[in-house]
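Step one of this worksheet: look at the structure below.
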Amino acid sequence: MEFTLGQLAALLGGKVEGDENQKVNRLDKIQEGLPGGISFLSNSKYEPHLYETKATAVIVSEDFNASKPFSTTLIRVKDAYSGFTTLLEAYDQFSKMALVGVEEPSTMHESSSMGENGFRGAFSYIGKNCKIGAQVKIHAHAYLGDRVKIGDNTIIHSGVKICADSVIGSNCEIHPGAVIGSDGFGFAPQADGTYRAIPQIGNVILEDHVSIGANTTVDRATMGSTIIKRGAKIDNQVQIAHNVIIGENTVIAAQAGISGSTEIGKNCVIAGKAGIVGHIKIADNTTIGANTGVSKSIKEPGQTLFGYMGFELKNFLKSYSIFKNLDALEKRIKELEKKD
Amino acid sequence: MEFTLGQLAALLGGKVEGDENQKVNRLDKIQEGLPGGISFLSNSKYEPHLYETKATAVIVSEDFNASKPFSTTLIRVKDAYSGFTTLLEAYDQFSKMALVGVEEPSTMHESSSMGENGFRGAFSYIGKNCKIGAQVKIHAHAYLGDRVKIGDNTIIHSGVKICADSVIGSNCEIHPGAVIGSDGFGFAPQADGTYRAIPQIGNVILEDHVSIGANTTVDRATMGSTIIKRGAKIDNQVQIAHNVIIGENTVIAAQAGISGSTEIGKNCVIAGKAGIVGHIKIADNTTIGANTGVSKSIKEPGQTLFGYMGFELKNFLKSYSIFKNLDALEKRIKELEKKD
Amino acid sequence: MEFTLGQLAALLGGKVEGDENQKVNRLDKIQEGLPGGISFLSNSKYEPHLYETKATAVIVSEDFNASKPFSTTLIRVKDAYSGFTTLLEAYDQFSKMALVGVEEPSTMHESSSMGENGFRGAFSYIGKNCKIGAQVKIHAHAYLGDRVKIGDNTIIHSGVKICADSVIGSNCEIHPGAVIGSDGFGFAPQADGTYRAIPQIGNVILEDHVSIGANTTVDRATMGSTIIKRGAKIDNQVQIAHNVIIGENTVIAAQAGISGSTEIGKNCVIAGKAGIVGHIKIADNTTIGANTGVSKSIKEPGQTLFGYMGFELKNFLKSYSIFKNLDALEKRIKELEKKD
């Protein structure tokens with residue numbers, strides 16, 4: 001995609017100081033700017049780069065005063081940083097939504113339907129009785145089992161597997177290799193030491209504006225639904241077990257794991273590698289530190305937990321600082337014992 | 001799939017109280033029952049829902065006495081709960097095994113063979129000299145490298161990768177995105193600081209009735225075989241390294257990892273995120289807690305380990321409860337030192 | 001692949017004692033040797049197996065003297081162990097590089113190119129403007145987004161997803177199910193508690209001789225590049241976040257996770273399940289133990305860290321050994337308090 005500086009200035013409500021017909025097709029860091037790229041200058045620390053950059057254009061704030069000559073073209077906007085961010089988001093949205101049509105070979109069962117301006121990549125598979133909204137992008141190698149529903153504007157990246165009966169909201173994004181709706185891990189121990197699989201006949205529901213990371217797994221419910229609520233953001237390689245409920249706008253970082261039937265409140269932040277046992281409830285606005293284990297329900301909202309079996313962060317840090325010198329502590333006891 | 005109440009009563013050895021020709025195609029929770037669904041009532045706590053449910057039918061026990069009028073049709077069986085479980089398992093088995101035939105495009109090398117009543121989904125790939133049993137279901141996007149063997153009734157879900165020379169038993173189920181038989185992580189350090197790959201020419205063997213979770217990885221042996229024995233159940237995102245042996249009926253929960261050449265006994269339970277170092281042996285019937293690290297062989301069967309470097313659960317809990325108040329402990333020492 | 005003993009002796013600079021025209025097609029352990037296989041005898045502990053093995057041939061060292069009769073054919077080389085290793089590597093390299101050609105159906109956009117002696121498996125997908133070197137093997141179900149570059153001799157296994165703009169060096173190997181170049185996890189919190197995605201427009205660069213394990217994920221940079229430098233070896237299910245830099249010849253074991261913008265030095269060893277927070281630097285030659293958390297930059301090279309919040313291994317082991325008996329420590333304090 002190529003744009004003239006004039007087009008970009010119009011998008012940003014700014015002014016070009018120079019030739020409006022110059023074209024750019026790339027966003028560059030100012031210190032690495034090259035012809036065809038557009039950069040921005042917001043932090044004055046980076047000003048020296050302006051005088052040397054080879055970027056075709058640089059976005060600056062209205063009140064910027066150059067102290068030396070330069071060869072790039074300026075676009076003046078109210079605020080350079082937010083101008084650049086607007087550009088970035090427009091560019092990103094544009095690239096992601098530009099794909100339209102069907103690449104062959106790909107398969108969609110005749111009983112399934114897709115809204116307008118959608119995309120189906122080569123080797124994508126859509127089972128029976130699926131209902132897919134408008135502007136949905138289904139990339140190469142994605143798999144949708146039977147009766148999957150997907151809302152408008154959702155992006156399903158390459159190699160994502162969405163198993164039968166899953167319901168995906170609108171404006172979601174599911175990154176490569178994620179698995180949605182695999183069987184929950186339920187086995188009933190038998191008298192002879194073997195296990196018998198407990199049928200997992202529920203489904204997974206992702207509400208609107210949910211993001212799921214690469215190679216993350218979300219298991220279907222035994223009965224009923226595993227639910228990830230509106231606006232929740234899940235990173236890569238997270239495991240979400242059967243019948244879990246994740247609250248609105250909760251963020252879960254990479255490699256965390258939530259065990260079966262646990263319910264996480266809204267606006268929680270769960271850091272990387274944290275582990276939460278099954279069948280508990282975590283209150284709204286809870287923060288759970290990296291690699292923290294949580295084995296009991298958290299009833300009071302707004303706490304920060306940390307540690308192998310998570311407790312309040314402040315207490316954890318005190319204990320851990322002593323733990324690092326337990327040796328010294330023991331010596332002090334020995335000393336006391338001697339004198340005793 | 002649609003069944004008449006008469007057919008279901010026959011399957012369950014029960015009796016329909018009402019029209020045997022009514023049809024159902026879905027299992028519902030009694031409190032969420034809708035026309036076309038069948039529910040069960042076992043726990044008397046849920047009895048009030050019977051009088052309001054819109055499910056077409058409800059399974060109840062022989063001796064159930066209704067205290068109010070209701071509009072659903074009853075199926076009376078010896079025990080409502082186990083009747084429903086039977087139905088659930090039949091339904092699940094039926095849905096999983098009903099797929100038969102070949103979806104195109106898909107590829108199977110001419111030197112490979114598949115037993116009767118099998119299924120190959122679109123975009124599935126079967127390499128050279130594979131031998132696949134009867135009733136095997138190979139879903140869309142599954143990959144079988146050369147010389148893979150698979151026993152009867154095994155289900156390979158969408159996007160599973162089974163690398164060359166793997167041997168999979170009968171009645172196994174491998175969930176989406178799992179990788180079986182990838183190269184073990186073996187690199188020999190060289191004098192100049194670089195590493196040289198050690199060829200991994202062994203394979204993976206899964207015995208019968210093994211279940212492998214979504215996005216789990218099982219590496220092939222350097223030489224010989226990585227073996228997962230009969231009846232073992234492995235959850236999602238578990239890592240099983242080269243030359244590991246997992247004993248019969250051992251259960252491993254999500255995100256656990258077993259390092260190279262370690263041998264786990266039978267009937268063990270390994271909880272989520274547990275990590276076990278390489279080249280050790282874990283005795284039969286060992287329980288390893290969530291996020292527990294195990295760095296030494298466990299020789300005595302039947303222990304329960306817990307903690308960062310796992311030791312007996314009871315001891316761990318004692319230590320950890322003191323750790324949570326190490327601060328208080330230190331103060332007591334200070335107090336003693338002052339008085340001293 | 002089948003070779004005569006004469007061909008193998010020539011490769012190893014050794015001599016066949018018997019019929020040079022016998023053929024082998026497999027490497028066997030000496031204790032499991034069968035006709036058609038070749039084994040080696042290096043450790044004298046295994047000598048008894050020589051007299052019973054059914055392997056067609058056994059590689060022995062020049063100075064080996066048999067003490068009993070045997071039926072296999074010997075190949076004498078300077079050093080049996082390194083001879084066998086040479087054979088193993090040749091065999092491995094040969095099997096991996098032997099695939100040439102294009103399996104159908106597969107797609108490569110007309111604007112993309114591939115060097116000579118390459119392989120593209122069935123259902124592989126290559127986007128627009130990709131440049132792929134010579135002898136590159138792209139297995140079934142692999143996905144390359146637009147503008148991906150790959151150097152010579154690199155192997156992309158089944159189901160690997162390489163997202164747009166990634167740059168992969170030569171002699172790399174990426175194992176099944178790995179995802180390279182998925183979006184980084186960047187969301188800006190909004191005043192109403194929701195999150196807004198921060199566009200991730202950077203890319204991923206893997207330099208030469210890099211290995212990436214099965215189902216590992218490497219996120220693209222927000223801007224700029226996530227870089228894995230020459231010779232680094234990454235195991236299965238590792239998570240590498242946006243803008244991370246991994247130094248040359250650094251080794252990272254399974255299920256470890258590196259958070260955003262962290263820079264790991266060269267020749268480091270990071271054990272399984274270790275977690276490293278974002279925005280820090282780890283000095284060269286650092287060793288980080290299994291399941292260790294690192295929350296601060298490590299400035300001095302050559303240290304070994306261990307523990308929940310990693311510190312020097314020796315100190316950790318001291319503290320942990322006391323922790324395991326904290327109970328005893330507390331009793332000693334009680335004792336002192338009583339006497340006090």
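Keep in mind that what you see is a predicted model, and the values were worked out from it rather than measured. Naming: A, B, ... by sequence-line order, numbering from 1 per chain.
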Contacts of type ring pair (Phe, Tyr, Trp, His ring centres under 6.0 Å), residue A:Tyr195, not counting sequence neighbours: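 So A:Tyr195 forms no ring pair (Phe, Tyr, Trp, His ring centres under 6.0 Å) with any residue.
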Relative to chain B, which segment of [X] carries a heavy atom at a distance below 4.5 Å: side chain, backbone, both, or neither?
X: A:Thr216; result: backbone
X: A:Ala241; result: neither
X: A:Val238; result: backbone
X: A:Ala256; result: backbone
X: A:Tyr125; result: both
X: A:Thr222; result: neither
X: A:Ala122; result: neither

Residues 264-272 of chain B: residues contacting chain A (heavy atom under 4.5 Å, by number):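 Near chain A, by residue number: B:Asn267, B:Val269.
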Heavy atoms only: give me the nearest [X]-[Y] pair and the separation to one decimal.
X: B:Pro105; Y: A:Thr107; value: CD-CG2, 4.3 Å
X: A:Thr194; Y: B:Asn249; value: CA-OD1, 3.6 Å
X: A:Ser124; Y: B:Phe123; value: O-CE1, 3.3 Å

Take atom [atom1] of [X] as the centre, draw a 6.0 Å sphere, and report whether it contains more than 12 heavy atoms from other residues, nucleotides or ligands.
X: B:Tyr46; atom1: OH; answer: no
X: B:Lys96; atom1: NZ; answer: yes
X: B:Glu32; atom1: CD; answer: yes
X: B:Lys229; atom1: NZ; answer: no

Rounded to the nearest 0.5 Å, how far apart are [atom1] of [X] and [atom2] of [Y]?
X: B:His175; Y: A:Gln200; atom1: NE2; atom2: CD; answer: 8.5 Å
X: B:Glu173; Y: A:Ser182; atom1: CD; atom2: OG; answer: 10.5 Å
X: B:Phe323; Y: A:Tyr320; atom1: CZ; atom2: OH; answer: 7.0 Å
X: B:Ser158; Y: A:His141; atom1: OG; atom2: NE2; answer: 11.0 Å

Go through the atoms of [X] and report whether side chain, backbone, both or neither lie under 4.5 Å from a heavy atom of chain A.
X: B:His157; answer: neither
X: B:Thr85; answer: neither
X: B:Ser106; answer: neither
X: B:Ile252; answer: backbone
X: B:Glu248; answer: neither

Side-chain donor/acceptor of A:Asp183 to backbone N/O of B:Ala214, under 3.5 Å: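 A pair under 3.5 Å: no.
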Contact winner vs chain A - B:Ala140, B:Ala253, B:Ala232, heavy-atom pairs under 4.5 Å: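 Highest number of pairs under 4.5 Å: B:Ala140.
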Evaluation steps, side-chain contact (heavy atoms from CB on, under 4.5 Å), between A:Phe185 and B:Val251: CA-CA 10 Å; A:Phe185 193 63; B:Val251 171; 3.7 Å; yes
Just wondering, do [Y] and [X] contact through their side chains at under 4.5 Å, heavy atoms?
X: A:Leu336; Y: B:Glu337; value: yes
X: B:Asn291; Y: A:Asn291; value: yes
X: A:Pro199; Y: B:Leu27; value: no
X: B:Gln255; Y: A:Lys273; value: no

Residue pair B:Gln237, A:Thr217: steps toward the side chain to side chain donor-acceptor pair (under 3.5 Å) verdict: CA-CA 8 Å; B:Gln237 295 188 39; A:Thr217 51; 2.9 Å; yes
Any residue of residues 324-334 of chain A which, by heavy atoms, sits under 4.5 Å from chain B: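 Near chain B, by residue number: A:Leu326, A:Leu329, A:Arg332, A:Ile333.
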Salt bridge (Lys or Arg N to Asp or Glu O under 4.0 Å) partners of residues 193-203 of chain A, not counting sequence neighbours, each pair once: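 Residue pairs passing salt bridge (Lys or Arg N to Asp or Glu O under 4.0 Å), neighbours aside: A:Arg196-B:Glu89.
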